Amino acid sequence: MTTGKITPHNILHQNRNKKETKVTLDNLLDVASSDNVSDAMKNLYDKTGYLDGVKPLNPSHKVVGSIKTAYTDSNDWGTCIKAIYSASKDDVLLIKCSDDKYAVWGGMASNAAKKYGLKSTVIYGASRDSEDILNIDYKLFSRTTHSHAGKPLNNGEISDSIVINNEQINDGDILVGDRDGVVVIPKENLDEILEEVNSIKKFESDAVNQLKDKNLDTILGIE
């Protein structure tokens with residue numbers, strides 16, 4: 001190990017005997033964050049899994065869960081209602097919209113989704129009825145909010161996969177969301193990504209401890 005420099009790999013091996021909470025899918029957002037997951041994906045695959053612009057309506061809301069996908073034109077909120085009952089209980093419903101021009105999700109949909117047992121809904125598009133959704137404490141994430149909605153056309157697709165930012169997202173992939181944003185983990189890479197998140201958390205913990213005696217640029221090896 002180079003003197004004065006720390007890498008996640010070295011910290012992982014250096015601190016084997018330290019008693020630290022292991023990051024698992026069950027405790028992920030108790031001991032880590034969407035930021036850590038995005039960093040892990042960047043380290044491993046040079047991509048972040050980040051859904052740009054998507055944030056929780058209530059900043060305190062967090063969610064980790066298996067994804068059910070759907071696609072709709074923003075003028076068609078009927079597809080979103082159909083998608084609720086096409087998902088399984090405890091799923092995170094991820095709906096990709098054609099654009100943000102119209103709100104495809106609101107208070108009635110949130111009430112229906114909560115009653116049906118969905119864990120959360122993530123709209124890659126616009127939502128509305130914010131006050132109603134906050135009042136029932138449903139975990140909704142979206143890119144923006146609009147007052148105006150489209151029609152119950154039901155012409156969209158309840159699919160096995162969607163493509164966002166040129167990345168395919170499949171049913172069963174894992175969505176991680178908190179106040180900083182939303183990241184999608186491909187299900188086949190879950191174990192590897194969780195291992196990398198653990199490495200990152202160990203690195204961060206050790207770096208913070210060393211800040212008492214060293215400058216951050218020295219710790220990070222920045223010349």
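These numbers come from a predicted model, not from an experiment. Below, all heavy atoms of this structure are taken into account, side chains as well, without hydrogens, waters or symmetry copies.
Leu140 belongs to a hydrophobic cluster whose other members, connected by ILVMFWY side-chain contacts under 4.5 Å either directly or through intermediates, are Leu57, Trp77, Ile81, Ile84, Tyr85, Leu93, Ile95, Val104, Trp105, Tyr116, Leu118, Ile123, Ile133, Leu134, Ile136, Tyr138. Annotation for Val54: hydrophobic cluster partners, listed by chain and number, are Leu51, Val63, Ile67, Tyr71, Val92, Leu94, Val122, Tyr124, Phe141, Ile162, Ile164, Ile169, Leu175, Val182, Val184 (ILVMFWY side-chain heavy atoms under 4.5 Å, direct or chained).
Closest approach of Ile174 to Val64, counting heavy atoms only: CG2-CG1, 4.0 Å. Here the closest non-hydrogen pair linking Ser142 and Gly125 is CB-O, 3.7 Å. Pairing each heavy atom of Ala113 with each of Thr121, the nearest pair is CB-OG1, 4.4 Å. The two residues Ser34 and Asp180 come nearest to each other via the heavy atoms OG-CB, 3.9 Å. When all heavy atoms are compared, the tightest approach of Lys139 to Lys119 is CB-O, 3.9 Å.
Between Asn155 and the options Thr72, Asp76, Asn75, a side-chain contact (heavy atoms from CB on, under 4.5 Å) holds for only Asp76.
Between the Lys22 side chain and the Asn198 main chain, no donor and acceptor come within less than 3.5 Å of each other. No donor-acceptor distance shorter than 3.5 angstrom exists from the side chain of Lys114 to the backbone of Ser120, with no hydrogens or angles considered.
Criterion: ILVMFWY side-chain heavy atoms under 4.5 Å apart, direct or through other members. Under it, Leu44 and Val183 are part of a common hydrophobic cluster.
Applying the side-chain hydrogen bond (donor to acceptor under 3.5 Å, both in side chains) test to every pair with at least one member in residues 128-137, sequence neighbours left out, gives these pairs: His61-Asp137.
Side-chain atoms of Thr69 and Lys96, non-hydrogen and from C-beta on, never get closer than 4.5 Å to each other.
Residue-environment remark: NZ (Lys187) exceeds the threshold of 12 foreign heavy atoms within 6.0 Å.
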